[in-house]
Amino acid sequence: MVMPPAFRSRSFTLYWIGHLISFAGSQMQLWALYWHLRTISDQPVVISGIGLARFLPVVLFSLIAGVAADRFDRRKMTILTQVVLGLVALVLGLNTAQGDLSLWMLFGLVIVQSVVVAFDTPARQALIPSLVPRENLASAYSLTSIASKVGGIMGPAISGLVIAYLGLQWAYWINAISYLAVIAALIAMGNVKTVIEKKPFEFQGVFLDIREGIEFIKNSPVIFSAMILDFFGSFFSSANTLLPFVAIDILHVGPIQYGWLSASQSIGTLMIGVYLSQKTNLQRQGLLIVISVAAFGLATILFGVSTSFWLTMLALILIGVFDGLSTIIRNTVRQLLTPDPMRGRMMSITQIFFKGGPQLGEVEAGLMAQAFGVSFAIISGGVGCVAAAFVVAKKFPQLWKYNGDETFVDGNIL
């Protein structure tokens with residue numbers, strides 16, 4: 001195995017190491033938060049509440065955040081968001097340790113966190129293409145996915161141990177410390193050359209920029225259809241937040257086994273990420289996106305019908321494989337087809353789809369589980385995901401036919 005080409009960039013390597021550590025801490029906090037919800041309430045409908053708390057800030061702030069990422073220094077913007085996220089994690093831990101973290105206070109802190117993430121994601125994602133040469137971008141996104149999934153394995157697995165032996169508050173405190181890694185990496189890499197539009201931040205100009213970004217997406221059928229598929233696929237198959245209910249009420253396991261179940265999807269995505277990081281000139285990319293989303297739905301159905309710990313773990317690993325495949329290809333396609341001055345806005349609009357889908361799906365999953373049971377909510381979501389793949393593929397033949405080596409101008413095939 002040769003060194004992935006993206007690691008030839010010092011700035012990207014620093015970013016990757018910091019992202020790995022920080023993401024591990026974030027995943028530790030996320031899965032601890034889901035477990036925390038289950039300890040506060042045994043009603044699946046609480047999942048709907050946390051879904052709304054995470055979804056509404058994305059809808060309200062993503063478009064403005066995208067304009068900010070195209071107007072201001074993305075590296076400095078990311079440093080600021082990471083500092084605030086660390087402070088939120090610190091407050092979560094302090095309130096948990098004092099025993100006065102109510103359900104409503106938990107929702108409030110999640111809302112604050114989600115507002116900050118709405119600004120963090122487009123700035124951070126739009127920064128990556130400035131860290132590596134264009135020809136190494138696919139490698140960079142594969143490696144970023146690998147870092148996310150290694151962190152996604154380490155974080156949940158450690159989370160189970162931390163909850164069992166130290167207490168929930170330590171999952172939040174360790175996450176607060178982990179943000180220092182990415183902050184240090186961003187400071188160490190120094191100034192990053194990016195093409196940004198230096199305009200005064202006026203409301204009229206902001207709305208014009210948002211409209212320009214929306215028009216770009218609408219006129220780019222491959223990007224737009226991939227976003228639609230991402231939204232509906234993740235909306236129907238958002239069963240992550242139900243995992244504590246599966247672990248406790250169906251599989252009858254404790255926090256340590258729950259930690260490994262939480263890490264399983266990341267194990268699958270890590271496997272496909274390592275494979276794709278060594279690939280160049282991947283063919284039939286549109287077909288792979290559609291098939292991987294359909295397979296993601298089928299694996300979700302398997303997750304829903306399982307009553308065995310090991311079969312559930314296998315199903316979650318398969319979910320991670322197919323979700324990782326579609327995510328890596330979609331990220332690469334979007335960035336290659338988007339000019340640098342537009343990347344922040346493109347990512348902010350994309351964020352509404354790839355974050356809004358699963359977070360709004362949490363609302364649907366919680367309501368379905370409350371009304372019909374946890375297993376039914378998961379299985380029906382998998383069926384919906386498979387159906388969405390076929391409908392989008394039929395509606396947008398440009399996506400189905402997209403190979404990956406076409407020449408594009410403004411998102412359209414020449």
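The residues of the chain are indexed from 1 along the displayed sequence.
- Side-chain contact between Phe107 and Leu37: present, with at least one pair of heavy atoms (C-beta onward) separated by less than 4.5 Å.
- Using a 30° and 60° split on the angle between ring planes, Phe7 and Trp16 fall in the perpendicular class, above 60°.
- The two residues Ser11 and Met189 make their nearest non-hydrogen contact at O-CE, 3.4 Å.
- A donor-acceptor contact shorter than 3.5 Å links the side chain of Thr13 to the backbone of Ser9.
- The backbone N or O of Met28 sits less than 3.5 Å from a side-chain atom of Ser159, completing a donor-acceptor pair.
- For the atom pair OG of Ser114 and CZ of Phe119, the computed distance is 12.5 Å after rounding to the nearest 0.5 Å.
- In this structure the side chain of Leu56 never reaches within 4.5 angstrom of the side chain of Phe61, judged on heavy atoms.
- Between Arg74 and Thr78, the closest heavy-atom pair is O-OG1, 2.8 Å.
- A side-chain contact (heavy atoms from CB on, under 4.5 Å) with Trp31 is found for exactly one of Leu243, Ile163, Ile158, namely Leu243.
- Annotation for Trp173: atom CH2 counts as buried by contact number, over 12 foreign heavy atoms lying within 6.0 Å.
- Judged purely by atom type and a 3.5 angstrom limit, Arg75 uses its side chain to pair as donor or acceptor with the backbone of Gly190.
- Contact check for Thr39 versus His36: side-chain heavy atoms found under the 4.5 Å cut-off.
- Residue Leu103 holds its CG atom at 5.5 Å from CD1 of Ile40, rounded to the nearest 0.5 Å.
- Contact annotation: the side chain of Leu186 approaches that of Leu127 to within less than 4.5 Å [non-hydrogen atoms, C-beta and beyond].
- To the nearest 0.5 Å, the span separating CG on Leu287 from OG on Ser292 amounts to 9.0 Å.
- The salt bridge (Lys or Arg N to Asp or Glu O under 4.0 Å) pairs that include a residue from residues 20-41 are Arg38-Asp249, where partners are two or more places apart or lie in different chains.
- Of the N and O atoms on the side chains of Gln265 and Asp323, not one donor lies less than 3.5 Å from an acceptor on the other residue.
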Quiz item: Where do Leu94 and Tyr172 land on the side chain to side chain contact (heavy atoms under 4.5 Å, CB included) test, with the steps shown first?
Solution: CA-CA 9 Å; Leu94 288 173; Tyr172 302 133; over 6 Å; no
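- Between Pro57 and Ile111, the closest heavy-atom pair is CG-O, 3.9 Å.
- You'll find the side chain of Gln82 reaches within 4.5 Å of the side chain of Arg124, heavy atoms only.
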Quiz item: What's the verdict on side chain to side chain contact (heavy atoms under 4.5 Å, CB included) for Ile291 and Leu325, showing C-alpha distance, side-chain angles and the deciding distance?
Solution: CA-CA 10 Å; Ile291 291 177; Leu325 176 60; over 6 Å; no
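- In this structure, OG in Ser326 is found 10.0 Å from CG in Leu288, a value given to the nearest 0.5 Å.
- Side chain of His19 to backbone of Tyr15: no donor-acceptor contact under 3.5 angstrom is found.
- The two residues Met77 and Ala123 make their nearest non-hydrogen contact at SD-CB, 3.9 Å.
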Quiz prompt | Audit row: Phe296, Cys385, side chain to side chain contact (heavy atoms under 4.5 Å, CB included) steps and yes/no | solution = CA-CA 8 Å; Phe296 174 68; Cys385 181; 3.6 Å; yes
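- When atom types are taken as modelled, the side chain of Ser306 and the backbone of Leu302 share no donor-acceptor pair closer than 3.5 angstrom.
- Taking each heavy atom of Tyr179 and Gly86 in turn, the nearest pair found is CD1-CA, 3.4 Å.
- Looking only at side-chain heavy atoms (C-beta outward), Ser26 and Gln29 stay at 4.5 Å or farther from each other.
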Practice problem: Could you walk me through whether Gln169 and Asn95 pass side chain to side chain contact (heavy atoms under 4.5 Å, CB included), step by step? | Solution: CA-CA 8 Å; Gln169 68 271 21; Asn95 281 276; over 6 Å; no
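- A donor-acceptor pair is defined here as one N or O able to donate and one able to accept, closer than 3.5 Å; no such pair exists between the side chain of Thr81 and the backbone of Asp120.
- Annotation: the span from Ile256 atom CD1 to Leu261 atom CG amounts to 12.5 Å, rounded to 0.5 Å.
- Checked by atom type and distance alone, the side chain of Thr121 never pairs as donor or acceptor with a backbone atom of Ala118 at under 3.5 Å.
- A heavy-atom distance below 4.5 Å is found between the side chains of Thr144 and Phe12.
- Although no hydrogens or angles enter the test, the distance criterion places a donor-acceptor pair under 3.5 Å between the side chain of Ser178 and the main chain of Asn175.
- A pairwise comparison of heavy atoms in Leu20 and Ala147 identifies CD1-O, 3.3 Å as the closest pair.
- In this structure, CD1 in Ile177 is found 12.5 Å from OG in Ser22, a value given to the nearest 0.5 Å.
- At least one side-chain heavy atom of Leu251 sits under 4.5 Å from a side-chain heavy atom of Val246.
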